[in-house]
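One structure is given below, encoded as structure tokens.
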Amino acid sequence: MHSVIRSIVLTWQLGMGCAVAALADGVTPDDAGRRLLEAYPEMIAGVEDGQIVWRGGGRMTIDDGRGTKSFEDLIEKPDLQDIFAITYPDGDPSPPGFNADPGRARPESFFERMYGDCRTGGVEKNLVEVPWMPSRTRQTLKVTRVNGVAERLAAISTELERLPKFYDVFLHPVGGTFACRAIAGSQQRSTHGYGIAIDLAVKPSHYWRWSKPDAQGRYAWRNSIPFEIVRIFEKHGFIWGGRWYHFDTMHFEYRPELLIK
Ligand SMILES: [Zn+2]
């Protein structure tokens, strides 16, 4: 995977411009559908004729037929296939390639169907309080119970409590979970608005918007979150914002489809 990203970066540096085609790892609509079905069995009943079939009725087309998208379109107008355009890496944290943001293509209609629309109260009715590392803090976190997210966060909390105290500085106080808002600097709804995201302690974290680009406009990846923490979240279906070129190292969100091989 990392060699793929490196070759992408190289391609980019050789002057291919907005060659997001190079970023696409060639996931077919069928393969995208299979991963979504495996990730969200409570929601999706099957995959047929290039569409996912919702358990509650209705379908959603996997490939919008618009072909290869620019990076901006991938983020702003993704279809279900585009979720997988950039492979989510595993292993130790390492600097992502230019614009390699696996998981930042999020079709709003898909997530809204599963978790609701926070602007009309559709998400709140499924929010539950999860005690956060109760042996160490008194914080409780609001997340959705849909797709078992609350249970998984509770399991993560239990595992994190087994880490040495050295890790506490990264783990609490938690910066936030549910918040009905757009992503800073964009029109896209944040995954915090679906109740599936958590920001760990803000102080030791790094965020690309807090850093200055170099003379070429590139952001240098920074991270201090230990991998032991990342591994526990990923084990329970959460992806990490520290694996993005547009890094957000305090941020985790429930996106099991990206962790399926
Ligand atoms: Zn966040």
Side-chain angles (χ1 to χ4, degrees), residues 74-76 78 83 86 88-89 93 96 99-108 110-112 114-119 123-124 126-130 132-133 137 139-147 149-150 152-154 156-157 160 167-211 219 221-227 229-259:
L74 207 57
I75 300 296
E76 287 166 20
I83 293 173
I86 304 170
Y88 188 83
N99 278 352
D101 290 350
R104 286 191 65 231
R106 309 174 182 101
E108 273 188 6
F110 176 73
F111 289 97
E112 207 174 288
M114 292 199 291
Y115 299 111
D117 183 344
C118 63
R119 296 166 304 183
V123 176
E124 284 86 340
N126 287 313
L127 293 179
V128 292
E129 300 267 1
V130 176
W132 184 242
M133 301 180 70
T137 82
Q139 230 177 340
T140 58
L141 307 180
K142 257 187 197 170
V143 290
T144 185
R145 62 183 165 202
V146 175
N147 289 326
V149 172
R152 291 172 213 278
L153 193 65
I156 289 167
S157 166
L160 292 174
Y167 293 87
D168 280 22
V169 65
F170 304 104
L171 298 171
H172 59 82
V174 163
T177 52
F178 175 70
C180 190
R181 59 171 169 83
I183 297 166
S186 89
Q187 307 284 315
Q188 269 69 55
R189 205 156 331 143
S190 162
T191 46
H192 288 280
Y194 301 119
I196 61 171
I198 174 172
D199 290 337
L200 295 182
V202 176
K203 222 174 177 183
S205 298
H206 295 96
Y207 182 36
W208 71 279
R209 285 189 183 276
W210 298 339
S211 63
Y219 290 88
W221 184 78
R222 295 184 69 200
N223 171 53
S224 56
I225 306 289
F227 188 46
I229 292 172
V230 176
R231 192 162 42 207
I232 290 169
F233 273 93
E234 289 180 347
K235 189 176 133 191
H236 292 281
F238 285 69
I239 63 164
W240 178 45
R243 295 210 191 268
W244 300 334
Y245 169 78
H246 295 93
F247 54 93
D248 183 357
T249 71
M250 74 188 99
H251 179 93
F252 291 85
E253 63 184 63
Y254 185 66
R255 300 290 301 285
E257 74 274 26
L258 286 153
L259 297 162

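All residue numbers refer to positions in the sequence shown, counting from 1. Both counts, for ligands and for their atoms, begin at 1 and track the order of listing. Please read these numbers as outputs of a predicted model, since none were measured by experiment.
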Handout entry: Minimum heavy-atom distance Ala182-Ser186, with the two atoms named
Key = CB-O, 3.5 Å

Handout entry: Test side chain to side chain contact (heavy atoms under 4.5 Å, CB included) applied to Phe247 and Ser211, Pro96, Pro93, the passing residue
Key = Ser211

Completion exercise
Only one of Asn147, Asn126, Thr144 passes side chain to side chain donor-acceptor pair (under 3.5 Å) with Tyr115, and that residue is Asn147

Handout entry: Sub-4.5 Å side-chain heavy-atom contact between Leu160 and Ile232
Key = yes

Exercise for the section: Everything protein-side that's N, O or S and under 2.8 Å from the Zn ion (ligand 1): list it, residue and atom. Expected result: His192 NE2, Asp199 OD1, His251 ND1

Problem - Donor-acceptor pair, side chain of Asp248 and main chain of Gly241, under 3.5 angstrom - result: no

Problem - Separation of Leu141 CG from Trp132 CH2 (nearest 0.5 Å) - result: 6.0 Å

